[in-house]
Amino acid sequence: MSIRLRLTAWYSAILAVTLIIFGSIVYGVIYYNTYDEVEKRIYQQIKRINPLITIDRFTGTVGFTFTKTLNNFEETQIIAQIHDYTTGVNIPDQNLKRLSLIEIPIPSTAPEKVVASLSRIQIDGSPFLLYQAPLTAYDGGPVIGLLQIAAYTKSEQNLLDGLQNILVLGSAIMIIIASSLGLFLAHKSIRPIGKVIEAANQIQKGADLSVRIEYNGPQDEIGQLIGTVNNMLSRMNGFYKELEDAYAAQRRFVSDASHELRTPLTTIRGNVDLLQKMWDKESGDRPNMDEETLQIVSREALGDISDEAKRMSQLVSDMLSLARADTGQTFMKSPVPLEPLVEEVVRRAQFLPHQAEWIIGNLSTLNGVYVFGNKDYLQQMLFIFIENAFKYTPEGQVSLDAFRYQDQIGIRIADTGIGMEKEDVPLIFERFYRADQSRGVTEGIGLGLSIAKWIIEEMDGSIEVVTRVDEGTTFIIWLPMIFPVPLE
């Protein structure tokens with residue numbers, strides 16, 4: 001059974017029980033009040049007629065009489081009689097005499113067991129409320145007579161029957177109407193949940209996660225549920241896009257890594273094949289060279305193999321660093337003094353291959369500055385930016401200086417090289433990315449800046465890039481300083 005039908009069944013059952021209880025209370029109150037009025041009329045007539053017992057002092061004969069007669073039957077709807085147990089004779093009042101066809105039944109119980117009571121009876125198919133009370137000659141004496149007063153209750157019975165029909169029929173109609181409206185309202189209320197189910201089915205089938213459930217109703221439980229589902233879909237859509245981007249980046253990473261590895265492997269394999277042919281005296285493909293030429297060519301081939309092996313080693317090392325970054329691994333960090341570290345990098349950087357002039361700016365601001373990081377990774381990061389500047393500055397100059405701003409220290413590495421387009425700036429930190437004009441011209445595999453960015457982010461730092469084509473590029477590395485300065 002669906003939720004709509006169950007809700008409707010519950011509503012209808014609760015309404016039915018409520019109407020039964022309400023109808024029973026209404027019927028009971030009216031029934032009580034109606035017959036209470038009849039009882040009051042009976043008791044009023046008992047006081048009026050005041051039945052008397054007479055005993056003949058000579059013969060001892062018992063007689064019964066009414067002090068007054070009842071009011072007219074059309075007015076009171078009451079009849080009365082006295083049954084004489086000694087003679088078995090019924091003594092009717094004037095109203096009962098006029099209604100000669102009506103006979104009040106005498107109880108079959110023994111006289112001594114008769115008690116005063118009220119009961120509803122049928123006399124010739126007509127409803128009456130009968131009052132009966134035993135009559136004695138004196139208190140505690142034997143029962144010698146029975147007083148019976150009956151009130152005609154046809155109108156009251158018709159009223160109660162009509163009320164009963166109205167309550168039953170009205171309740172049935174109300175239940176039908178309420179069930180129909182309840183089913184409609186339940187369908188309308190549950191309709192948004194159908195949209196939730198539809199959205200969940202789309203998720204299960206791998207459909208578009210950008211679809212949202214439209215809901216313009218109140219922010220009740222269903223509204224909150226739909227809001228929660230929409231928020232969940234938004235987060236899932238974001239996670240799905242991030243996952244797709246990650247898969248795309250992974251595919252691009254594998255493709256670029258394969259491309260970068262293919263070139264040195266091809267060079268190594270070609271040189272190895274050449275060396276095998278050169279030094280295999282039995283090979284028919286051996287080149288016709290003298291001994292000196294063979295040695296020269298062999299040294300060149302071995303040099304190529306060595307260079308390509310170094311390049312592959314650097315590539316594998318960089319890829320391992322990025323793999324550790326992808327898995328969330330970090331490096332050990334401790335307070336590091338910047339001044340001696342940067343001076344060491346500056347000294348060693350002058351021995352790197354470069355054609356541009358290496359200019360050292362003001363580094364006095366580094367005096368006494370500590371950052372929370374790792375010495376080896378800091379040096380690696382600085383060398384990445386310096387080597388990158390040397391590569392893309394065939395002539396001109398590369399400079400390094402430092403300055404402070406609030407609680408951060410900035411290390412600036414600027415060059416007057418080829419620069420890059422502004423649209424390339426957001427992409428230079430992606431793996432294997434190099435500006436188009438540098439591909440195939442400048443050596444490199446495009447992983448250095450990705451590693452540098454990871455190191456900076458691990459140290460809670462940031463980086464700024466300012467560049468212009470044919471005018472150069474400036475990188476500013478911002479690192480948070482430690483306060484107070486650690487004691488050595």
Side-chain angles (χ1 to χ4, degrees), residues 241-242 244-264 311 314-315 318-319 321-322 325-326 345 349 352-361 380-403 405 408-459 461-479:
K241 288 183 178 179
E242 290 179 2
E244 284 187 335
D245 294 341
Y247 282 151
Q250 185 180 24
R251 291 192 294 268
R252 187 172 64 251
F253 182 85
V254 173
S255 176
D256 291 341
S258 301
H259 174 76
E260 295 292 340
L261 288 171
R262 187 182 298 113
T263 301
R311 181 181 176 190
Q314 181 63 39
L315 174 61
D318 292 344
M319 291 175 64
S321 297
L322 291 175
D326 290 340
V345 171
L352 295 174
H354 63 279
Q355 297 176 348
E357 182 182 2
W358 178 226
I359 299 176
I360 309 304
Q380 181 184 3
M381 178 264 294
L382 292 175
F383 275 122
I384 288 172
F385 285 110
I386 295 172
E387 287 178 334
N388 194 69
F390 284 157
K391 287 179 184 179
Y392 296 106
T393 309
E395 59 182 12
Q397 61 184 23
V398 176
S399 62
L400 184 147
D401 63 343
F403 53 91
Y405 179 74
Q408 292 195 336
I409 189 73
I411 302 175
R412 177 168 50 199
I413 301 171
D415 65 65
T416 59
I418 61 176
M420 68 186 84
E421 298 288 347
K422 290 184 178 180
E423 56 268 19
D424 291 328
V425 173
L427 305 175
I428 60 175
F429 295 102
E430 292 187 4
R431 301 169 187 184
F432 295 106
Y433 180 84
R434 286 182 290 166
D436 291 339
Q437 58 179 322
S438 70
R439 288 188 180 272
V441 177
T442 306
E443 293 183 356
I445 56 178
L447 291 178
L449 290 180
S450 298
I451 297 174
K453 182 183 178 184
W454 169 63
I455 295 173
I456 294 171
E457 289 177 347
E458 287 295 317
M459 297 175 59
S462 60
I463 185 169
E464 293 183 17
V465 183
V466 179
T467 184
R468 182 173 294 179
V469 177
D470 298 330
E471 293 187 12
T473 302
T474 299
F475 290 93
I476 302 177
I477 304 156
W478 293 101
L479 298 174

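Just so we're clear, the structure is a prediction, and the values are computed from it rather than from any experiment.
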Problem set entry | Full working for side-chain contact (heavy atoms from CB on, under 4.5 Å) between Leu400 and Trp358 | CA-CA 8 Å; Leu400 184 147; Trp358 178 226; 3.8 Å; yes
Which distance, rounded to the nearest 0.5 Å, do you find between the [atom1] of [X] and the [atom2] of [Y]?
X: Ile476; Y: Ile411; atom1: CD1; atom2: CD1; value: 11.5 Å
X: Lys391; Y: Ile418; atom1: NZ; atom2: CD1; value: 12.0 Å
X: Trp454; Y: Met459; atom1: CH2; atom2: CE; value: 11.5 Å
X: Ile409; Y: Trp478; atom1: CD1; atom2: CH2; value: 8.0 Å

Exercise. Who are the ring pair (Phe, Tyr, Trp, His ring centres under 6.0 Å) partners of Phe383, not counting sequence neighbours?
Worked result: none
Problem set entry | Sequence-distant partners of Phe475, ring pair (Phe, Tyr, Trp, His ring centres under 6.0 Å), two or more places apart | Phe385
Exercise. Any idea which heavy atoms bring Ile456 and Ser462 closest together, and the distance?
Worked result: CG2-N, 3.4 Å
Exercise. For the residue pair Gln397 and Thr416, what are the closest heavy atoms and their distance?
Worked result: N-OG1, 3.0 Å
Problem set entry | Qualifying residue for side-chain contact (heavy atoms from CB on, under 4.5 Å) with Asp415, from Thr393, Ile386, Asn388 | Thr393
Exercise. With no hydrogens and no angle check, is any side-chain donor or acceptor of Thr473 less than 3.5 Å from a backbone partner on Thr467?
Worked result: no
Exercise. Would a 4.5 Å heavy-atom cut-off, applied to side chains only, mark Met381 and Ile477 as touching?
Worked result: yes
For this session: Take Ile428 and Met420, measure what side-chain contact (heavy atoms from CB on, under 4.5 Å) needs, and give me the verdict at the end.
Result: CA-CA 10 Å; Ile428 60 175; Met420 68 186 84; 3.5 Å; yes
